[in-house]
Amino acid sequence: MAQKTIDVQGMTCAHCKSSVEGALSSLDGVSKADVNLDENNVNVEYDDSKVTDSSMNDAIEEQGYDVAGK
Ligand code: 9UX
């Protein structure tokens, strides 16, 4: 199991938080996604044999947010 913190710009409210968490959680291989609104990031636990960095970035950006530093 891998884990990483992805910096995300544009998340400001509780609905943003649930949108990003839901999008990541729906990916096969993601076991946990926890957005920290104060820190503008999301901590993800995932199986790196099933999910790639770019698929996680895409899932976040499909919700309308920007992944920083990718
Ligand atoms: Mo809240 Mo997030 O009204 O894009 S849903 S700011």
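Please read these numbers as outputs of a predicted model, since none were measured by experiment. The figures that follow rest on heavy atoms only: side chains count, while hydrogens, waters and symmetry mates do not. Numbers here simply count residues along the sequence, with the first being 1. Read the numbers this way: they start at 1 and go in the same order the structure lists the ligands and their atoms.
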So do the side chains of T12 and Y65 get within less than 4.5 Å of each other, counting heavy atoms only?
no

So do M56 and L24 actually touch side chain to side chain, heavy atoms under 4.5 Å?
yes

Rounded distance [0.5 Å steps], CD1 in I6 versus CG in N40
13.5 Å

I'd like the atom pairs linking ligand 1 to the protein - N or O on both sides, separation under 3.5 Å - with distances to 0.1 Å.
residue: ligand 1; atom: 4 (O); partner: Y65; partner atom: OH; Å: 3.0

Any side-chain heavy-atom pair of N41 and M11 under 4.5 Å
no

Would you kindly say whether Q3 and N43 are connected by a side-chain donor-acceptor distance under 3.5 Å?
yes

Quick check on K4: does its NZ atom have over 12 non-hydrogen neighbours (other residues, nucleotides or ligands) under 6.0 Å away?
yes

